[in-house]
Amino acid sequence: MGMDLQAYKNHLEEPWGKIYYDIVFNQLEDLDGKRILDFGSGFGIVANFLAEKNQVTAVEPDMEMMIHRKRSNLYEQLQGSLDVLEIFPDEEFDVIICHNVLEYVEDVKPYLEAFSRLLKPGGLLSIVKHNHVGRILHTVIFENDTYKAQSLLLGENYKTHSMGQAVYYEISDVMNPLDFEVEAFQGVRIFYGLQPNDVKTDPGWREKMLAMELAVYEQSPYRDIAAFQHYWLKKR
């Protein structure tokens, strides 16, 4: 998928990379004592956070990302993709994490079928996905690239900063005909992606912007225009 891992690592060290995880951690902080699968765990940032209070298994196909993963808390790390999921029995997990992964697969259906099999009844699937509206706003306002925005508006595929070519999907694509229903959804990167990066190194920027993001991430219309949307799907 044309990943640039060094660009991604550099991004994570910047204030605008760190605040993304500040927001996501806030949205995950109530998970406690759960059996959790983090699928497409990357550098293990979310898996490591969740492992402080939960039993976590992380699955990641890229060996280099695994080598450099965060591991201040204890969790199980496996290399692979759908093939690895076959080793787990039905209804093994209380929660499955799948953040910014399904944009990079050819067909979401087999992944969702596997997640449905592995989740306990009433279990939660946490999906963070790219938001079409939010990306168009970012492209026009932050990048000042109206030609690219017009192509996005027409539904063309797009290239992300560090993870390569991506394809949009709607949350309805991952729910039907599977037994999921939307429990809740939240916005991530509502405001800060629309600001120039030079202001993001100002003293106190991260703390003040985090407070603003957390104040509205469960409210419309703010969550509707966020760059990312965090959906909680419940297995019936």
Side-chain angles (χ1 to χ4, degrees), residues 1-24 27 40 42 62 98-112 126-176 182 184-202 205-206 209-210 212-233:
M1 59 183 174
M3 290 192 300
D4 185 343
L5 292 187
Q6 188 57 53
Y8 185 41
K9 287 180 185 178
N10 294 342
H11 172 79
L12 295 177
E13 293 302 315
E14 300 290 354
W16 50 89
K18 293 177 180 178
I19 194 175
Y20 168 89
Y21 285 100
D22 293 337
I23 298 166
V24 170
Q27 296 174 356
D62 188 87
C98 185
H99 290 181
N100 299 314
V101 171
L102 299 181
E103 285 82 3
Y104 305 103
V105 303
E106 292 184 6
D107 182 7
V108 301
K109 185 178 178 181
Y111 294 84
L112 272 295
S126 166
I127 288 184
V128 172
K129 64 180 290 294
H130 300 179
N131 180 27
H132 196 206
V133 173
R135 186 159 291 272
I136 291 172
L137 283 171
H138 181 278
T139 303
V140 174
I141 298 171
F142 181 76
E143 298 180 24
N144 191 28
D145 190 340
T146 57
Y147 295 105
K148 179 180 174 182
Q150 287 283 357
S151 70
L152 293 173
L153 196 60
L154 294 173
E156 296 182 16
N157 295 345
Y158 59 99
K159 188 174 182 179
T160 62
H161 175 255
S162 54
M163 292 297 172
Q165 200 73 13
V167 178
Y168 283 113
Y169 67 93
E170 297 298 330
I171 201 64
S172 58
D173 298 336
V174 305
M175 292 176 59
N176 296 315
V182 176
F185 92 89
Q186 302 152 329
V188 182
R189 206 173 83 176
I190 297 164
F191 302 115
Y192 72 87
L194 304 178
Q195 292 184 315
N197 282 345
D198 55 0
V199 307
K200 299 172 187 175
T201 57
D202 291 347
W205 173 86
R206 181 176 165 190
M209 181 54 67
L210 177 60
M212 191 67 225
E213 294 270 345
L214 298 185
V216 300
Y217 70 56
E218 293 187 305
Q219 301 178 29
S220 292
Y222 306 104
R223 63 184 181 178
D224 306 313
I225 64 170
F228 302 95
Q229 290 176 325
H230 184 185
Y231 279 88
W232 292 90
L233 304 184

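Nothing fancy with the numbering, it's 1 onward along the sequence.
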Exercise. What are the two closest heavy atoms between Ile190 and Leu194, and how far apart are they?
Worked result: O-CD1, 4.0 Å
Exercise. Tell me, which pairs form a salt bridge (Lys or Arg N to Asp or Glu O under 4.0 Å) where one or both residues lie in residues 215-230, sequence neighbours left out?
Worked result: none
Exercise. Counting only N and O atoms by type, is there a donor-acceptor contact under 3.5 Å from the side chain of Lys129 to the main-chain atoms of Leu102?
Worked result: no
Exercise. So, His99 side chain and His230 main chain: donor-acceptor pair closer than 3.5 Å or not?
Worked result: no
For this session: For atom CG of Asp107, decide whether the heavy atoms of other residues, nucleotides or ligands shown that lie under 6.0 angstrom number more than 12.
Result: yes
Exercise. What's the shortest heavy-atom distance between Glu13 and Lys18, and which atoms?
Worked result: O-CE, 3.4 Å
Exercise. Would Tyr169 and Val167 satisfy side-chain contact (heavy atoms from CB on, under 4.5 Å), going step by step from the backbone distance to the final call?
Worked result: CA-CA 7 Å; Tyr169 67 93; Val167 178; over 6 Å; no
Exercise. Is there side-chain contact between Leu233 and Val182, with heavy atoms separated by less than 4.5 Å?
Worked result: yes
For this session: Any chance you could measure Leu137, atom CG, to Arg189, atom CZ, to the nearest 0.5 Å?
Result: 11.0 Å
Exercise. Do Phe142 and Asn197 have side chains that get closer than 4.5 Å, going by heavy atoms?
Worked result: yes
Problem set entry | Parallel, tilted or perpendicular: ring planes of Phe185 versus Tyr231, cut at 30 and 60 degrees | parallel
Problem set entry | Gap separating the NE2 atom of His138 from the NZ atom of Lys148, nearest 0.5 angstrom | 8.0 Å
Exercise. Between Glu14 (side chain) and Thr201 (backbone), is there a donor-acceptor pair under 3.5 Å?
Worked result: no
Exercise. Taking C-beta and beyond as the side chain, do Pro15 and Trp205 meet within less than 4.5 Å on heavy atoms?
Worked result: yes
Exercise. From Phe191 CZ over to Leu210 CG, what is the distance, rounded to the nearest 0.5 angstrom?
Worked result: 12.0 Å
Seminar exercise, completed: In short, Val140 meets Ala149 closest at the heavy-atom pair CG2-CB, 3.4 Å
Problem set entry | Validation row: Gln229, Ile171 side chains within 4.5 angstrom (heavy atoms) | no
Problem set entry | Rounded distance [0.5 Å steps], CD1 in Ile127 versus CG in Asn100 | 10.5 Å
Problem set entry | Side-chain donor or acceptor of Asn131 paired with backbone N/O of Ala226 under 3.5 Å | yes
Exercise. Does NZ or CZ of Lys200 fall inside the cone over Tyr192's six-membered ring, less than 6.0 Å from its centre and within 45° of the axis?
Worked result: no
Problem set entry | Inter-residue atom distance Asp22.CG - Met209.CE, 0.5 Å rounding | 12.5 Å
For this session: For side-chain contact (heavy atoms from CB on, under 4.5 Å), just list the numbers for Tyr217 and Glu213, CA-CA rounded to whole Å, side-chain angles, deciding distance to a tenth of an Å, and then say yes or no.
Result: CA-CA 6 Å; Tyr217 70 56; Glu213 294 270 345; 5.6 Å; no
Problem set entry | Beyond-backbone contact of Trp16 with His11, side-chain heavy atoms, under 4.5 angstrom | yes
For this session: Kindly compute the distance separating CG (Leu152) from CD (Gln150), expressed to the nearest 0.5 Å.
Result: 9.5 Å
